[in-house]
Amino acid sequence: MTYKSEFLNTLNERGFIHQCSNLDELDKKLREGVQSAYIGFDATAKSLHVGNLTGIMMLYWFQQCGHKPITLMGGGTSKIGDPSFKDEQRKLMDDATIEDNMQNIRNTCFKQFLNYGDGPTDALMVNNNDWLDDLKYLDFLRDYGRYFTVNRMLSFDSVKQRLERESPLSLLEFNYMVMQGYDFLELYRNYGTILQMGGSDQWGNIINGVDLAHKSDQTQLFALTAPLLTTPDGKKMGKTENGAVWLNAEMLSPYDYYQYWRNVDDVMVGTLLRRFTILPISEIEKLEALEGQEINEAKKVLAFEATKMCHGEDAAKNAETTAIKTFEEGAAGGDLPVFEVNLNDGILFIDAFIESQLVGSKGEARRMIQQNGAKINGESVNDPNYKITISDITAEDYVKISAGKKKHALLKRAS
RNA sequence: GGAGGAGUGGCAGAGCGGUCAAUUGCACCUGACUGUAAAUCAGGCGACUUCGGUCUACGGUGGUUCAAAUCCAUCCUCCUCCA
């Protein structure tokens with residue numbers, strides 16, 4: 001299927017389109033001139049993670065195609081908590097924390113992908129707290145509450161799941177979808193925003209806004225969702241053993257970010273290249289065609305390009321160099337975490353593990369050593385009481401310790 | 001407000017006075033095989049340890065007992081039915 005608008009064509013060939021409330025009409029609108037679209041983001045952490053990247057990329061392309069992207073921060077809704085597919089209630093947050101998170105997200109995450117400013121196609125960041133905070137309960141119920149039926153709200157997957165699991169769903173959280181629907185209306189009225197995008201799990205919430213605008217303002221707004229990324233065994237993307245894959249370099253180093261992409265499943269490579277790099281489709285098709293061991297080449301490109309998008313070209317190059325040194329030459333690269341220790345007195349291998357945060361406890365370190373997973377300068381060491389001293393320092397003036405094959409750290413002597 | 005039921009490790013879910021740091025599945029970690037992949041196989045999976053043990057844990061708090069995740073009381077939370 002081809003579209004008339006550049007935006008939809010781009011999204012389509014890159015695998016971003018899952019559901020749309022009215023594709024033809026949206027296609028037409030997008031050709032009529034500059035439009036604005038938004039995606040809502042959570043402000044519960046001080047960084048976004050790769051789970052948000054699909055949305056960010058959609059806004060990226062939206063802007064590249066000559067439109068105005070709006071990033072809506074859920075400052076107000078963060079006070080409530082999205083019940084979608086969560087088993088437990090989210091903890092509530094105070095204003096100061098939320099505000100702090102928002103600034104962080106804007107300056108470290110969005111900035112790499114979107115151009116903010118005052119121009120017609122410059123990105124805009126708004127906080128729904130600005131209008132939600134002042135709502136008067138009775139007025140709101142009278143003006144908008146009448147457009148929502150509980151019957152329908154109960155039929156949403158996000159709610160159904162919660163009820164089926166007999167997990168508590170408070171009225172507070174139940175209201176989340178009403179708030180989110182109202183956001184859309186508010187953005188339409190203030191900025192003429194006609195489109196809300198998101199992951200397919202947000203479909204219900206988005207449609208709420210579309211319906212609300214239709215009923216209250218007799219206008220047609222649009223919903224567009226992207227397929228949720230899952231690995232072949234059905235797991236959600238974006239989590240590692242250690243938690244979320246953050247976009248903020250302070251919370252996850254560019255090297256680790258690079259490694260995340262470098263280690264994705266074979267079968268995901270094509271999808272991810274389309275979605276998270278801006279390489280021309282023709283080039284992606286070539287990379288996708290690689291088989292067997294050669295897929296690694298495609299993964300390197302993916303890792304490099306994705307890291308470049310998020311952290312810039314220099315950081316991507318450093319990460320790549322470190323990866324090559326570490327994995328292909330068995331040496332060590334500059335991006336590995338470095339810890340200064342007093343090597344004159346020596347340090348127990350086990351303690352060095354703890355110190356470098358490669359493991360969480362001494363017991364775990366012992367296990368690692370017993371199971372042959374612990375290495376010093378690439379050599380397995382089986383003695384749990386081994387003491388690292390100056391004699392372990394390599395010609396490059398460091399000691400490399402490894403937990404398993406992928407986690408490495410450098411020890412340097414404290415000066 | 002009334003009557004029942006339930007709260008166990010990241011999740012699911014056994015145990016129902018000692019042999020329980022707690023069966024099992026999923027998740028996770030390490031090793032082998034590979035390609036920094038997947039699948040498969042082997043081992044591991046509370047903390048500390050002089051590897052003998054020690055400590056903290058089965059919603060909270062008290063209690064019974066030589067001994068409690070298991071019994072009692074009370075509080076909290078959730079579920080179902082009734083008002």
Side-chain angles (χ1 to χ4, degrees), chain A residues 83 85-89 91 160-174 230-245 253 255-273 287-288 290-304 306-307 319-333 335-336 348-351 353-354 356-376 378-385 387 400-409:
Chain A
F85 311 102
K86 292 272 189 333
D87 292 335
E88 296 298 329
Q89 290 192 18
K91 39 187 183 309
K160 265 203 292 201
Q161 275 189 21
R162 219 27 197 274
L163 295 178
E164 272 164 19
R165 302 200 62 156
E166 300 190 340
S167 177
L169 174 67
S170 65
L171 179 60
L172 180 77
E173 294 174 282
F174 193 45
T230 52
T231 55
D233 40 336
K235 278 180 266 179
K236 263 197 193 178
M237 284 268 311
K239 295 272 183 199
T240 67
E241 329 65 75
N242 301 319
V245 180
S253 74
Y255 169 71
D256 286 327
Y257 189 79
Y258 178 96
Q259 283 300 316
Y260 171 75
W261 295 106
R262 179 64 247 268
N263 283 310
V264 297
D265 262 52
D266 282 9
V267 287
M268 300 294 293
V269 174
T271 311
L272 297 176
L273 279 167
L287 290 167
E288 273 179 321
L290 296 174
E291 285 181 8
Q293 209 182 119
E294 294 194 321
I295 290 178
N296 279 321
E297 293 312 312
K299 287 190 189 176
K300 284 182 197 170
V301 174
L302 169 66
F304 179 80
T307 308
E320 187 176 49
T321 308
T322 296
I324 290 172
K325 277 193 180 171
T326 308
F327 288 97
E328 295 177 19
E329 297 167 16
D335 264 13
L336 294 180
L348 280 175
F349 195 13
I350 289 178
D351 291 334
F353 262 134
I354 304 280
S356 58
Q357 294 164 21
L358 293 178
V359 297
S361 72
K362 288 191 181 184
E364 203 178 319
R366 286 201 187 85
R367 234 175 275 135
M368 191 75 73
I369 291 169
Q370 272 165 14
Q371 296 183 138
N372 266 320
K375 298 194 185 93
I376 295 176
E379 298 289 320
S380 277
V381 172
N382 287 90
D383 177 9
N385 296 314
K387 201 168 190 182
K400 182 173 83 166
I401 59 174
S402 316
K405 286 173 187 155
K406 295 183 187 172
K407 284 182 281 183
H408 309 277

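Naming: A, B, ... by sequence-line order, numbering from 1 per chain.
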* Asked: Are the side chain of A/Lys299 and the backbone of A/Val264 linked by a donor-acceptor contact shorter than 3.5 Å?
  ->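 It does hold such a pair.
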
* Can you tell me if A/Ser356 uses its side chain to pair, donor with acceptor, with the backbone of A/Phe353 under 3.5 Å? ->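 Yes; at least one donor-acceptor contact below 3.5 Å.
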
* May I ask you to say what A/Asn263 touches in the nucleic acid, namely base, sugar-phosphate or nothing, with a heavy-atom cut-off under 4.0 Å? =>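 Base contact - A/Asn263 has a heavy atom under 4.0 Å of at least one base atom.
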
* Is A/Ala323 touching bases, backbone alone, or none of the nucleic acid, heavy atoms closer than 4.0 Å? -> base

Side chain of [X] - closest among [options]:
| X | options | result |
| --- | --- | --- |
| A/Asp265 | B/A38, B/U49, B/G43 | B/A38 |
| A/Lys375 | B/G31, B/U49, B/U36 | B/G31 |
| A/Arg366 | B/C51, B/G35, B/G31 | B/C51 |
| A/Arg367 | B/U36, B/A47, B/U30 | B/A47 |

Atom [atom1] of [X] and atom [atom2] of [N]: how far apart are they, to the nearest Å?
| X | N | atom1 | atom2 | answer |
| --- | --- | --- | --- | --- |
| A/Asn385 | B/U49 | CG | P | 11 Å |
| A/Trp261 | B/A37 | CH2 | C1' | 15 Å |
| A/Gln293 | B/A37 | CD | C1' | 11 Å |
| A/Lys405 | B/U30 | NZ | C1' | 9 Å |

Does the structure show a Watson-Crick or G-U wobble partner for [N], both distances under 3.5 Å? Name it, or say none.
| N | value |
| --- | --- |
| B/A42 | B/U30 |
| B/A73 | B/U61 |
| B/U80 | B/A3 |

* Asked: Does the base of B/G43 carry an N or O that pairs as donor and acceptor with the side chain of A/Gln371 under 3.5 Å?
  -> yes

* **Donor/acceptor link under 3.5 angstrom from A/Gln259 side chain onto base of B/U36** => yes

* Check A/Phe304 against A/Tyr258 and note the closest heavy-atom contact, atom names and distance. => N-CE1, 3.7 Å

* Would you call A/Glu364 and A/Arg367 a salt bridge, taking side-chain N to carboxylate O under 4.0 Å as the test? ->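 No.
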
* Asked: Does B/G52 adopt a syn or an anti glycosidic conformation, taking syn as a chi angle within 90° of 0?
  ->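 B/G52: syn.
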
